[in-house]
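Notes for the one structure printed next.
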Number of protein chains: 2
Amino acid sequence: MTADVDYLNRYDASRFPSPLVTVDSVLFTLHQQSLCVLLVERAAPPQQGLWGLPGGFIDMQQDDGTRATALRKLTEKTGIVPSWLEELGTVSGPGRDPRGWSLTVAWFALIAWEDCEPHIATVSDARWVPVEQLGDYALAFDHGDIIQMALSRLRQKTMYSLLPVYALPACFTHGQLQEATEIILGQPIQRKSLIRRFEASGMFEETGESAATGARKARLWRRKPGVDIHLFSRNLLAD
Amino acid sequence: MTADVDYLNRYDASRFPSPLVTVDSVLFTLHQQSLCVLLVERAAPPQQGLWGLPGGFIDMQQDDGTRATALRKLTEKTGIVPSWLEELGTVSGPGRDPRGWSLTVAWFALIAWEDCEPHIATVSDARWVPVEQLGDYALAFDHGDIIQMALSRLRQKTMYSLLPVYALPACFTHGQLQEATEIILGQPIQRKSLIRRFEASGMFEETGESAATGARKARLWRRKPGVDIHLFSRNLLAD
DNA sequence: GTAATAGTGTCTTTGAGACAGTATCTT
DNA sequence: AAGATACTGTCTCAAAGACACTATTAC
């Protein structure tokens, strides 16, 4: 290892050509019965004026990993920290960015509409787009593909976990979770199955409060602090 | 988009500091009742002499993505193309490589021992290490963590797919698949459950041949050409 | 024949799907 | 009381777990 000292003294990273590295996030939320993605209008070239994912370059001074980069960019746009953030994967190649060989680390996030709505309304270059309307937008680079990757991951994971809770406010009812799950999957699910899983997951506790969202008051629940997401060994909608 | 032309003429990637980008692979195989990982002795600094994952820098002339980089490096070491290769994720940060802020795209691969054994024997700086013996090796960077990520992904995926077939030769018996699965999971599984899945997957066809691996001859199977891996909606060993 | 591995039959168990039934709230 | 939503009970169904059983080969 002492050989390293010598080597590192002579090492100059800038001598080696290296790909352009960016970090982009697919941030989902639920609003008005629709699954929405946050898009940002590109203010500078390349592809100025097109819509794309929130993201950008790594700040090597500040960021201690690409998760930090993703969080920093998302917080700039939404004003809050997403309650779920996981790595989706990378896309790379010589042709996807006109500036040259590039690599993007894509992240995938969920947020409650209620939590960020006040802030996002003030940002004119960011917009929540329902997934069904994505076709109306000219998307930059391969961001359309990345969004499709994220969508399929979101739907897959919804089948074997209660991921949709991360798109709900801190306190919520069974009915809200069912609605969120159905919007994400695009089809109705059995309430009974959902509640069975809800109990079995051990992820939640009652607040004691109840909410009058419908005719009868519904109990309110919250995530137990510090409890990890539970993965089920069977899928919902397994046919 | 015409604004891009001007912009790109003036664009010089080397003006921006960028992280060190590498691609590393965790290549698994099965040998003598053990799950093994391919390790390579580092021939040059940093961390010369330590053992690490096969990998290296992207060749921006040749590689059309990090998958190509991973394949190129694996083929150099093993002489063959792995039958399974998927992206594991990235690790990044300022402290993991002494040369500075770095990012590694990690890939995860499976190969049949029989297919690469002749070649690997001739390469003195590469070695198959049974996972139980990883503790005996001083591993470079955070390669130990990456191997653990790969191991848990491999085991997880083995629970809801027949991934272990990719660690078998082109023709194999039910018994070999069961053995492979049990080695990977580290515990016995029900042969009946495995065969039920095997049939249901639609991934395989009989060769017509049979092999005398044990007392009674066993039928030989192969993967149907062009058929994708089947994902089950329930896990094996769900307790 | 025996021993050993290959392969099948079938009962149990688990958890999702379906849906009827009861409870509680607003009007 | 009526109507709506919240919640429960319970039957069916699909696939895994368990394990006994039969089949084929080597010796």
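What you are looking at is a predicted structure, and each value in this text was computed from that prediction instead of being measured. Per chain, numbering begins at 1; letters A, B, ... match sequence-line order.
For the pair B:Leu194 CG and D:dA18 P, the computed distance is 14 Å after rounding to whole Å. Per the geometry, CD belonging to A:Glu199 stands 14 Å off C1' belonging to D:dA6, to the nearest Å. Computed from coordinates, the A:Ile195 CD1 to D:dT5 P distance equals 15 Å when rounded to whole Å. Here the P atom of nucleotide C:dG21 and the CZ atom of A:Arg191 are 19 Å apart, to the nearest Å. Rounded to whole Å, the distance from NZ on B:Lys217 to P on D:dT24 is 13 Å. Protein atom CG of A:Leu220 is 11 Å distant from nucleotide atom P of D:dA6, rounded to whole Å. Regarding B:Phe198, its CZ atom lies at a distance of 13 Å from the P atom of C:dA6, rounded to whole Å.
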Take A:Trp221 and A:Phe204, measure what ring-ring contact (aromatic ring centres under 6.0 Å, His included) needs, and give me the verdict at the end.
CA-CA 6 Å; A:Trp221 302 81; A:Phe204 309 100; 7.6 Å; no
Assess whether side chain to side chain donor-acceptor pair (under 3.5 Å) is satisfied between A:Thr207 and A:Arg222, documenting all intermediate values.
CA-CA 7 Å; A:Thr207 63; A:Arg222 66 170 156 251; 5.2 Å; no
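Residues from residues 161-179 of chain A lying near DNA chain D, meaning a heavy-atom separation below 4.0 Å, are A:His174 in numerical order.
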Side-chain atoms of residues 225-239 of chain B: list all donor-acceptor pairs with protein atoms under 3.5 Å, sequence neighbours left out, distances to 0.1 Å.
none

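Ring pair B:Phe28/B:Phe108 is perpendicular by interplanar angle, where above 60° counts as perpendicular and below 30° as parallel. A perpendicular orientation is assigned to the rings of A:Phe198 and A:Phe172, their planes being inclined by more than 60° (bins at 30° and 60°).
Salt-bridge annotation for A:Asp24 and A:Lys73: absent, with no side-chain N of the basic residue lying under 4.0 Å from a carboxylate O of the acidic one.
One distance of note links CH2 of A:Trp107 with CG of A:Leu88; it measures 10.0 Å at 0.5 Å rounding. Atom-to-atom distance recorded for A:Thr158:OG1 and A:Ile189:CD1 is 9.5 Å, nearest 0.5 angstrom.
Considering only the side chain of A:Ala218, D:dA6 comes nearest among C:dG7, D:dA6, D:dG3.
Taking B:Glu41 as the reference, nothing meets the salt bridge (charged side-chain N to carboxylate O under 4.0 Å, His left out) condition, with sequence neighbours excluded. A:Glu132 pairs by the salt bridge (charged side-chain N to carboxylate O under 4.0 Å, His left out) definition with nothing, not counting sequence neighbours.
When only modelled atom types and interatomic distance are considered, B:Ser83 and B:Arg223 share no side-chain donor-acceptor pair under 3.5 Å.
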For each nucleotide in nucleotides 14-20 of chain C, reading 5' to 3', give B when a protein heavy atom comes within less than 4.0 Å of its base, S when such contact involves only the sugar-phosphate, and - otherwise.
BBBBBB-
Between the protein and nucleotides 20-23 of chain D, which nitrogen or oxygen pairs are less than 3.5 angstrom apart?
unit_1 : atom_1 : unit_2   : atom_2 : d
D:dA23 : N3     : B:Arg216 : NH1    : 2.6

